[in-house]
Structure formats: structure tokens, C-alpha cells
Amino acid sequence: MTIKEIAKLANVSLGTVDRVIHKRGKVSKQTEKKILEIIEKVNYTPNIYARGLVLNKQYRIYALVPQFSQGQYWEMPVKGMQSAATNLHQFGIKLELLYFDQNAIASFNNAADELLKDEPDGVILAPVINFEALKLTKKLKEANIPFVLIDSLIQNSEPLSFIGQDAFQSGRLAAKLLCTEINLKGSISIISIKNNENYNSTLQQRIEGFKDYITNSDFMDQISLNESHIQVGSLDMQKAIEKAVGLKGTTAGVFVPSSMIHYVAAFIDQRAEEFSNLKMVGNDLIPNNIKYLEKGTINYLIGQRPENQGYFALSSFYKHLVLGQAVAEDIYLPLDIITQENLKYYRNNFQYNF
């Protein structure tokens, strides 16, 4: 039975049946009960092709993500979204990308205002400006607009789904790798390099996970930790990196919780003889990081499959809006350990299985 026939039996419009099936919009309790009884009686299941023809419905999904240059991290989730948009276009899914400058709160708020004004059917949000993103999620809930979070989770925000890595466990994994490389003893520099001064929950959770692994180890007394925070583009950035890395021979390992370990790697690469025994662990398979992984300056990169994050985010709305199916609240992606030896198997080899 089609949605059109259900509407006829219930003596309501197609749109009313659609709202009941997908649990959105306002429908009276009496009408909702009547439609649900008919659906149960006829054992209705959505026919996505017929439904698209009957309703001729388009679903506008807006993605609010940071601006990026070619080769930077946020290029990868966007590629995943665009790939999903191409595949899902036939089902009425339309992707609109809105970019903001993550160094400017006003830029984020302007993009958020534009989004709310357009009243999309769903929103994909990269909450790198945490507090402003939290305020936006409250407005989305008030407007009854479902949203999916990627990369970073905002606690108690109640998204349709969160898609990303377990940042705390990623930090623990980084600590395990680095401590093994330095034979469980020595000084480790945790160098947080960011594009802005705003709180970033993902980076903080990675740092907390890193510390937790060492704190709960039986070799804690043999490890010392030094923590530094550096903003990209600051006038004294090179000096800050030099200070964070430490003097020749005094630092055994470096952990960078963001995708920007290449800044430290470039500094170390220029002083290869001085820091020949230094071990380094970072995050994300962006071109600049790959360069130093191939050279051996970086020992490990931990990947989080950002292309898949973007793809799965848009696919979640396909499941929710088109199929009317439940979407997993949390989709945690694998923590990939990438080295010189297995790098070639990760390049352009992401499978979008949803």
C-alpha cells in the first residue's frame, strides 16, 4: 500500500501522513492515532522510489563547517558529504554548504543566522566553536530541526546522531604508542596547536586520554609531561614550538592532539641530527602530515576517517527523512594507526559502508 492510499483511507493529506510517519511537524493526537492504526493494519513499509514520485519532496540539508584551504583537515569531511550528496540526489537529498571563519565568532553566528532563516530539513554541524555551537543547537531544537554533529560531541545537546572518533580513547592510544617508542621513560611534550583560542572538546579529550593512560600505568614515575598551547599564525609561533619541544636531548617524545603536527615536524626536520631520537605521534592523514610520516620524522598518525564522517552524516538524514528509519545516536569510527609501512593502504581507500 502506498502513502497516497493511506491518506485516502484516513481522509487526510499526503503531507499529514508524511509528518506522522517521520514524526515531525504538528498533527493532532486523534489524527495521528487514526493514521498509525491504518499503517499497522496494512503493514505499511515505505517505498522510497514511489514516495519520491508521489510527494516530489526535496530535503534541504545544510552543513555548517569551517573554511579551509586545499589539503587541510576540513576538506575531507566536506568531500565525504559531497560524495553522499551525489549518491542521494535521486532521493531528494540536497546539500547546502555554509562556511565560517573559525577565528571569528561573528562569522559563525552570521552563518548560523542564515541557516535558521532558511529553515532547512536538517543540519550537519562541526562544533569547533563550542559555546556558539551549543547555542545554535538549542535554537535548532526549538525550531524542530534535526541536526547531526561531526568531529566533536557537545554534551547534552541531543543530536539526531554524533559521528566521529572516541577522542578520549584516541588520546590513550597515542600515549600507548609514544610510551612504547620511548621505552616507558623520559620527558614528553604535549603540544596543542590550534587555529583559534576557542575551547575544542575533541583536543581536550585527547589530552585527557593521553594523561589518563600514563597516570594509570605502572611506569608513571618514569615519565614527565610538559604541556604547551600554540596558535597558528602567531608572531612568535616558531619560538613557541622551539620552547615546547625543549632543548636537544631533553625531550623523548612529542604528542600533538590536533591535525597540525606537521608544524612541529618541520621544525624537527631542520634539526634532524639534534633530535635524531625524538619520537612523534599526531593525528590525521592530511598531505603535510603524510610528508613527514613518509620521511620518518613522524612515527605514527592516528586517523579518524573524516571522509566517512561527512558521508555518514548526510546518509543519516537519508535514513531519517526518506526511509523513516531510526538512526544510531553515536557512530564511532575506528582509530586507525598509520605508519610508514601501511600508509599506502590508507590513501584514497575509504569505504562508505552505511
Side-chain angles (χ1 to χ4, degrees), residues 73 167-197 199-284 286 288-293 295-304 335 337-340:
Y73 172 80
F168 186 83
Q169 290 300 328
S170 175
R172 284 183 54 85
L173 176 60
K176 184 172 186 175
L177 293 170
L178 192 54
C179 288
T180 301
E181 285 291 321
I182 66 173
N183 296 318
L184 310 182
K185 60 182 178 181
S187 177
I188 295 175
S189 291
I190 301 173
I191 307 176
S192 182
I193 303 177
K194 301 192 299 179
N195 276 313
N196 57 67
E197 295 180 349
Y199 176 82
N200 186 305
S201 62
T202 296
L203 301 192
Q204 191 57 43
Q205 286 178 58
R206 286 174 184 165
I207 292 171
E208 290 173 4
F210 191 93
K211 292 177 178 178
D212 179 78
Y213 178 83
I214 295 172
T215 300
N216 290 288
S217 71
D218 55 9
F219 53 84
M220 182 179 69
D221 292 340
Q222 299 178 65
I223 299 288
S224 62
L225 296 177
N226 301 295
E227 194 169 343
S228 304
H229 298 268
I230 299 172
Q231 187 171 343
V232 174
S234 57
L235 294 176
D236 59 348
M237 185 174 177
Q238 284 302 308
K239 288 185 178 179
I241 291 175
E242 184 174 6
K243 182 179 179 181
V245 170
L247 299 174
K248 169 187 172 182
T250 60
T251 302
V254 167
F255 169 55
V256 178
S258 70
S259 64
M260 300 182 187
I261 193 172
H262 58 87
Y263 285 109
V264 182
F267 171 83
I268 297 300
D269 199 52
Q270 294 171 0
R271 299 160 177 79
E273 291 185 8
E274 297 178 40
F275 295 97
S276 58
N277 294 319
L278 185 70
K279 308 300 181 183
M280 298 180 65
V281 177
N283 291 271
D284 299 316
I286 64 173
N288 282 335
N289 287 348
I290 290 172
K291 171 184 173 182
Y292 291 106
L293 182 68
K295 294 181 73 171
T297 310
I298 297 172
N299 298 86
Y300 297 100
L301 289 173
I302 298 175
Q304 57 177 319
L335 301 176
I337 302 171
I338 302 125
T339 67
Q340 279 181 313

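Being a predicted model, the structure only gives us computed values, none of them experimental.
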Could you grab the distance from atom NZ of K279 to atom SG of C179, nearest 0.5 Å is fine? 13.5 Å
Contacts of D236 meeting salt bridge (Lys or Arg N to Asp or Glu O under 4.0 Å) (sequence neighbours excluded), chain-then-number -> none
From CD1 (I302) to CG (L173), nearest 0.5 Å: 4.0 Å
So which heavy atom on N299 is nearest to which on L278, and how close? OD1-O, 4.1 Å
Just verifying a value: how many Å separate Q231 CD and I193 CD1, rounded to the nearest 0.5 Å? 11.5 Å
Which heavy atom in K185 sits nearest to a heavy atom in A252, and how many Å separate them? O-CB, 4.3 Å
Taking every non-hydrogen atom, the tightest pair across H229 and E227: NE2-OE2, 3.4 Å
With distance as the sole test, does S170 use its side chain to make a donor-acceptor pair with the main-chain N or O of R206 at under 3.5 Å? no
Side chains of N289 and S259, donor plus acceptor under 3.5 Å: no
Summary of ring pair (Phe, Tyr, Trp, His ring centres under 6.0 Å) pairs that have at least one residue in residues 207-228, sequence neighbours excluded: F210-F255
List the steps and the verdict of side-chain contact (heavy atoms from CB on, under 4.5 Å) for Y300 and E181. CA-CA 10 Å; Y300 297 100; E181 285 291 321; 2.9 Å; yes
Measuring from I261:CD1 to D284:CG, what's the distance to the nearest 0.5 Å? 10.5 Å
Quick one: does N283's side chain have a donor or acceptor within less than 3.5 Å of a partner on P257's backbone? yes
Given Y263, which partner from the list V232, I191, I230, V256 fulfils the side-chain contact (heavy atoms from CB on, under 4.5 Å) test? V232
Can any side-chain N or O of S189 pair as donor or acceptor with the backbone N or O of A244 at less than 3.5 Å? yes
Under the salt bridge (Lys or Arg N to Asp or Glu O under 4.0 Å) rule, collect the residues that match up with K239, sequence neighbours excluded. none
Test side-chain contact (heavy atoms from CB on, under 4.5 Å) on S187 and N226; report intermediate values, then the result. CA-CA 8 Å; S187 177; N226 301 295; 3.0 Å; yes
Could you walk me through whether I290 and I338 satisfy the side-chain contact (heavy atoms from CB on, under 4.5 Å) test, starting with their C-alpha distance in whole Å, then the side-chain angles of each, then the deciding distance to 0.1 Å, before giving a yes or no? CA-CA 10 Å; I290 290 172; I338 302 125; over 6 Å; no
Working to the nearest 0.5 angstrom, can you tell me the gap between I286 CD1 and L293 CG? 12.0 Å
How long is the gap from CD1 on I214 to CD1 on I188, to the nearest 0.5 Å? 4.0 Å
Check: V245 main-chain N/O paired with T251 side-chain donor or acceptor under 3.5 Å: yes
What verdict does the side-chain contact (heavy atoms from CB on, under 4.5 Å) test give for F267 and M237, after you've listed the backbone C-alpha separation in whole Å, the side-chain angles of each residue and the deciding distance to 0.1 Å? CA-CA 11 Å; F267 171 83; M237 185 174 177; over 6 Å; no
Of all heavy-atom pairs linking I207 and S192, the shortest is CD1-CB, 4.3 Å
